[in-house]
**Student:** 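Let me begin by handing over the structure; questions about it come next.
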Amino acid sequence: MITQPDFEAELRHLSIDPAPLGPLVVDLADADHFVVAGPGTGKTTALALRALKLILVDEVDPASILATTFTRRAAAEVRSRILQRADQIRQSLLAKGSLALKGRLSRIDFNRIRTGTLDSLSQEILTDYRPLGSYPPVVIDQYLGDALMLRAGLFDHGRFRRQELVDYAVRVLGTSRGLSPKKLSAFVREIHERALYDRTDLNAFAGAGIHAGIPIAVDAIEAYRAYLAASGQVDFALLEQRFLDDLRSGRLKKLQEEVQVVLVDEYQDTNFLQELIYFELAKGAKAKGGGITVVGDDDQALYRFRGATTSLFSAYPGRVHDAVGIQPQQVNLVENRRSTDDIVTWTNDFVRLDGEYHGVRVPNKPALIRRRQAAGRFPVLGMFRPTMQELAEDLTQLIDSVVNGSGFPIPRSKLVLQRSPQGGSAADVVMLSSSPLEEGESGPLLPLELRRRLGGLPHPIKVYNPRGRDIASVPEVGQLLGLILACVDPTQNGPNLIPNLPREALNVFTVWRQEAHHFQASNPAPQAPLPIAQFVAAWAARTPIRPRSRGRAPATWPRDAPLLQLVYNLLTWFPYFQSDLEGLAYLEAMNRTITTASNLGKFDACILGGPSVPPQVADKALVELYWNVFVPLALDFIEVDEDLLETLPRDRLGIYSIHQAKGLEFPLVIVDVGSSFKQRHWAHAFKRFPRDEGPSSRIEDQLRRFSPLGVPARQGRDRCFDDLIRQYFVAYSRPQDVLLLVGLDALRAPQNSVEHVALGWDRTGTWHWRGLGNLTMV
DNA sequence: TGCTTACCACTTTTT
DNA sequence: GTGGTAAGCA
């Protein structure tokens with residue numbers, strides 16, 4: 001199509017220097033690479049450009065390229081980078097190319113590249129390539145999985161009441177507090193998933209006499225798996241398992257013959273099962289004269305709790321050699337083009353503080369090189385206050401003066417922190433923490449304190465934190481669901497029909513109904529064609545709103561009215577759910593719950609009524625709605641999926657977990673290193689300076705004895721330290737211009753300070769950054 | 001140093 | 001409710 005020099009010229013034309021990417025944009029399709037890429041070095045771009053090079057220079061068919069990443073947002077990002085760059089290069093070539101080239105170019109359909117998460121691709125492929133006449137697998141999410149484990153695994157034979165099982169859970173989780181059936185179910189399901197990811201022999205695990213509760217847990221897991229198999233459903237772990245089985249059995253031969261190039265991003269978060277899948281795909285690719293390129297950074301591995309095993313990445317060259325017989329070329333991407341010198345230096349220093357941590361990194365990993373052009377020179381900032389409230393207050397002032405005002409002067413310097421004159425906005429500021437939760441058990445947390453204060457400014461700043469709140473506690477959601485309850489169950493009879501309705505759910509329903517009552521009393525717009533009170537009254541009486549035209553017979557109430565339809569009718573009075581980005585995310589969650597409910601129940605998530613329906617039947621449909629829609633929403637079983645939004649909202653300050661922020665970058669990043677650590681308390685030690693191995697590592701240790709991977713080489717507590725270092729490494733490498741650490745004074749007291757890995761403590765208890773003199777305090 | 005008393009925070013992250 | 005932490009006091 002085009003020559004290699006032409007391609008490289010096009011890259012330079014797009015201000016991309018091909019030199020650091022080296023073999024990735026030079027090698028032919030049959031090359032294999034192991035790319036070790038630090039933060040900000042453009043690894044996603046590197047993958048996108050490799051794909052483009054293969055298509056444009058080597059005329060590889062886009063449909064034969066398979067690119068995977070780990071999160072859905074990252075997958076969308078890979079896709080959009082490929083398409084965007086493809087479009088730019090195509091435009092440029094079309095402008096000067098020959099007629100023949102133009103013809104060939106226009107025939108390339110870049111959209112046919114397969115991109116996605118491994119799970120989404122597995123699902124797509126198993127659906128598209130299934131034998132004629134068979135059903136595609138139905139994939140269930142976390143919430144449904146836990147619910148089915150409870151129903152099919154734990155309630156079956158009363159396993160949830162067996163003392164041995166409860167004892168075992170208490171021993172592993174380290175607490176008996178609030179060990180509800182829901183938590184027990186999640187615990188057993190974690191064993192089930194880990195067992196699949198690590199390919200553990202569960203029978204051996206059950207028979208090893210480790211604990212009397214284990215055989216019961218394994219029985220529950222088998223009952224759960226049998227139930228899913230019988231109903232044609234799979235959870236994420238079973239989906240991957242099935243994908244591997246089908247690859248190995250030759251059922252996906254057609255796919256293997258099509259895929260020539262495999263590109264894997266975020267390889268450090270791969271688990272053993274996924275590794276085997278990639279190796280199968282790689283074998284197919286090699287047979288077709290293609291290859292595999294994996295990209296990752298062991299320092300950014302964050303998903304141990306999902307079975308990710310970092311050593312699979314650091315030992316990749318040897319492992320892929322043994323399994324596939326190839327020798328990938330190692331490529332190090334070390335030029336950080338994201339952050340200022342100060343931030344790159346800080347990040348490099350941080351990751352090298354802990355001597356023990358060196359042992360687990362990729363051998364001879366080079367430090368990041370600062371390559372950002374025209375970078376500013378802000379030092380790393382710190383804001384520490386006696387209480388969370390004072391911290392929130394001062395942080396609000398800082399953000400206000402940066403976003404709304406004329407800037408925030410840095411003490412003892414001439415620097416002023418201010419928003420970019422070219423269209424800077426609140427979206428340039430994000431706050432990262434280990435959890436974006438707005439309320440803890442003991443009251444509001446920093447995100448909520450900030451949300452309130454920023455919202456109360458003369459020029460209010462909105463925040464974007466859809467994961468921070470229980471759906472049930474969002475006022476607008478309460479109003480909407482309260483109205484729905486008033487419509488579908490006006491006499492409030494539903495709860496009486498349900499014998500063991502959880503008390504908490506009932507309380508939430510009462511709150512919703514009150515919120516709806518106040519909302520309705522405020523008589524919100526629009527009043528035409530009819531006010532909301534009239535709409536609700538018509539529903540409550542199951543009487544159609546009379547047609548205005550005279551002479552027409554009055555319409556009768558429908559036999560079954562879909563709940564979803566009712567929701568959309570009510571949205572008339574809720575612009576929040578149509579225009580607000582958080583509102584949209586909550587609406588999607590409600591929508592999803594109702595859709596799931598209609599697949600789950602007998603009545604298709606409808607409200608039955610009208611003269612032809614016997615009251616008992618209508619009651620049954622109502623009870624089903626309570627169980628499948630209102631109870632899960634009230635008890636916060638439903639999770640918001642903000643990945644739907646491909647771009648983050650403008651004009652909002654984002655509050656994200658560090659996990660969510662992985663792969664993203666922002667001008668000003670505030671990292672909450674401990675806004676609720678008032679003293680050296682054991683209860684939160686796991687978040688800053690672990691004292692023991694914790695539940696995740698405990699399960700890992702027990703199961704891995706029966707896995708081909710064998711027991712982990714490092715102690716559980718060491719793995720916890722490694723994980724914390726990685727977490728804050730990711731957080732510290734997000735900012736482009738300014739990094740601001742915030743926390744309580746207890747974290748920086750020269751004596752008896754609260755230990756925290758994020759602030760320069762190593763696991764031996766040495767505080768390398770005693771007193772935090774390396775931060776510029778504001 | 002040992003005792004009393006007030007105070008603190010209760011596992012997170014996601015396909 | 002529990003089990004740990006920290007400060008004050010003798």
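Quick note on labels: first sequence line is chain A, next is B, and so on, each numbered from 1.
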**Student:** Is there a donor on the side chain of A:R306 or the base of B:dT15 sitting less than 3.5 Å from an acceptor on the other?
**Tutor:**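 Such a pair is found, so the answer is yes.
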**Student:** Hey, what do you get for OH (A:Y168) to CG (A:L173), rounding to the nearest 0.5 Å?
**Tutor:**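 Spacing of OH (A:Y168) from CG (A:L173) equals 9.5 Å.
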**Student:** Using whole Å, report how far CG of A:L724 lies from P of B:dT12.
**Tutor:**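 Between P of B:dT12 and CG of A:L724: 14 Å.
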**Student:** Indicate whether the side chain of A:S311 and that of A:S314 have a donor and an acceptor atom separated by less than 3.5 Å.
**Tutor:**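 Absent: no donor and acceptor within the cut-off.
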**Student:** So does A:K687 get a side-chain nitrogen or oxygen closer than 4.0 Å to the phosphate oxygens (OP1/OP2) of B:dC10?
**Tutor:**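 Checking B:dC10 against A:K687, a side-chain N or O does come within under 4.0 Å of OP1 or OP2.
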**Student:** Could you note down all residue pairs passing salt bridge (charged side-chain N to carboxylate O under 4.0 Å, His left out) where residues 743-765 of chain A supplies at least one of them, sequence neighbours left out?
**Tutor:**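 As it turns out, the salt bridge (charged side-chain N to carboxylate O under 4.0 Å, His left out) pairs with a partner in residues 743-765 of chain A, which skip direct neighbours, are A:D354-A:R763, A:R680-A:E755, A:R688-A:E755, A:D718-A:R763, A:D722-A:R763, A:D745-A:R748.
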**Student:** When all nucleic acid strands are considered with a 4.0 Å heavy-atom cut-off, which category describes A:S676: base, sugar-phosphate, or nothing?
**Tutor:**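 Sugar-phosphate contact only.
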**Student:** Among B:dT14, C:dT5, B:dT15, find the nucleotide with the atom closest to the side chain of A:D119.
**Tutor:**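 Output: B:dT15.
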**Student:** Looking for any heavy atom pair under 4.0 Å, which part of the strands does A:R726 touch: base, sugar-phosphate only, or nothing?
**Tutor:**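 Since no nucleic acid heavy atom lies under 4.0 Å of A:R726, the category is nothing.
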**Student:** For atom P, what is the distance between C:dG4 and B:dT11, given to the nearest Å?
**Tutor:**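 Per the computed distance, 16 Å lies between those P atoms.
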**Student:** In dot-bracket, 5' to 3', how would DNA chain B read with Watson-Crick or G-U wobble pairs under 3.5 Å, [ ] for crossing ones and | for pairs to another strand?
**Tutor:** ||||||||||.....
**Student:** Measure from CG on A:L437 to P on B:dA9 and round the result to the nearest Å.
**Tutor:**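 After rounding, the gap between these two atoms is 15 Å.
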**Student:** State whether a side-chain donor-acceptor pair under 3.5 Å links A:Y656 with A:S433.
**Tutor:**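 Result is no, nothing qualifies.
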**Student:** Assess whether one donor atom and one acceptor atom, taken from the side chain of A:H684 and the base of C:dG4, lie less than 3.5 Å apart.
**Tutor:**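 Donor-acceptor pair under 3.5 Å: no.
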**Student:** Considering only NZ, NE, NH1 and NH2 on the basic side and carboxylate oxygens on the acidic side, decide whether A:R726 and A:D299 come within less than 4.0 Å.
**Tutor:**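 Here A:R726 does not pair with A:D299 in a salt bridge, since their nearest N and O are not under 4.0 Å apart.
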**Student:** Quick one: do A:D146 and A:R189 satisfy salt bridge (Lys or Arg N to Asp or Glu O under 4.0 Å)? Show the steps, please.
**Tutor:** CA-CA 7 Å; A:D146 286 352; A:R189 230 167 67 85; 2.7 Å; yes
**Student:** In this structure, how many angstroms lie between the C1' atom of B:dT12 and the CD atom of A:E438, rounded?
**Tutor:**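 It is 16 Å, rounded to the nearest whole Å.
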**Student:** Measure CZ/A:R189 against C1'/B:dT14 and give the value in whole Å, please.
**Tutor:**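 That distance rounds to 12 Å.
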**Student:** Can you find a side chain N or O atom of A:S657 that sits less than 4.0 Å from OP1 or OP2 on B:dT14?
**Tutor:**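 Looking at the OP1 and OP2 atoms of B:dT14, one of them is under 4.0 Å from a side-chain N or O of A:S657.
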**Student:** Please confirm whether the backbone N or O of A:D297 pairs with a side-chain atom of A:Q268, one donor and one acceptor, at under 3.5 Å?
**Tutor:**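 Indeed, once roles are kept as given, a pair shorter than 3.5 Å links the two residues.
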**Student:** What's A:P690 touching, base or sugar-phosphate or nothing? Going by heavy atoms closer than 4.0 Å.
**Tutor:**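 A:P690: no heavy atom of the nucleic acid under 4.0 Å.
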**Student:** Using the side-chain heavy atoms of A:T71, tell me which of these nucleotides is nearest: C:dT5, B:dA9, B:dT15.
**Tutor:**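 Of the candidates, B:dT15 comes closest.
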**Student:** To the nearest angstrom, how far is A:R592 atom CZ from B:dT15 atom P?
**Tutor:**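 Checked: the CZ to P distance equals 11 Å.
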**Student:** So what does A:Q727 hit on the nucleic acid, given a heavy-atom distance under 4.0 Å: a base, only sugar-phosphate, or nothing?
**Tutor:**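 Touches nothing.
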**Student:** Look at the side-chain N and O atoms of A:K678 and state whether any lies under 4.0 Å from the OP1 or OP2 oxygen of B:dC7.
**Tutor:**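 Result: no.
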**Student:** Provide, to the nearest angstrom, the distance between the CG atom belonging to A:D269 and the C1' atom belonging to B:dT14.
**Tutor:**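 In whole Å, B:dT14 C1' and A:D269 CG are 10 Å from each other.
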**Student:** Could you please name the option among B:dC8, B:dT15, B:dT11 that lies closest to any side-chain atom of A:Q142?
**Tutor:**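 Of B:dC8, B:dT15, B:dT11, B:dT15 is nearest to the side chain of A:Q142.
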**Student:** Does atom CZ of A:R452 have more than 12 heavy-atom neighbours from other groups under 6.0 Å away?
**Tutor:**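 No, the 6.0 Å shell around CZ holds no more than 12 heavy atoms from other groups.
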**Student:** Quick one: A:F689 CZ to C:dT5 C1', roughly how many Å, whole number?
**Tutor:**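 Distance, rounded to whole Å: 16 Å.
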**Student:** Are A:F305 and B:dT13 stacked, counting the six-membered base ring, centres under 5.5 Å, planes under 30°?
**Tutor:**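 By the stated criterion, A:F305 and B:dT13 stack.
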**Student:** Kindly point out which of B:dT11, B:dT13, C:dT5 is positioned nearest to the side chain of A:H681?
**Tutor:**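 Out of B:dT11, B:dT13, C:dT5, the nucleotide with an atom closest to A:H681's side chain is C:dT5.
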**Student:** Could you work out which one of B:dT14, C:dG4, B:dT12 sits closest to the side chain of A:F686?
**Tutor:**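 Given the options B:dT14, C:dG4, B:dT12, the side chain of A:F686 is closest to B:dT12.
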**Student:** Report the distance from atom CG of A:L744 to atom C1' of C:dT5, rounded to the nearest whole Å.
**Tutor:**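 These atoms are roughly 16 Å apart.
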**Student:** Does A:S435 have a side-chain nitrogen or oxygen under 4.0 Å from the phosphate oxygens OP1 or OP2 of B:dT13?
**Tutor:**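 For B:dT13, OP1 or OP2 has a side-chain N or O of A:S435 closer than 4.0 Å.
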**Student:** Taking the same atom, C1', in B:dT12 and in C:dG1, what whole-Å distance lies between them?
**Tutor:**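 Going atom to atom, C1' in each nucleotide, I get 23 Å.
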**Student:** Got a salt bridge between A:D701 and A:R719, using NZ or NE/NH1/NH2 to carboxylate O under 4.0 Å?
**Tutor:**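 A salt bridge links A:D701 with A:R719.
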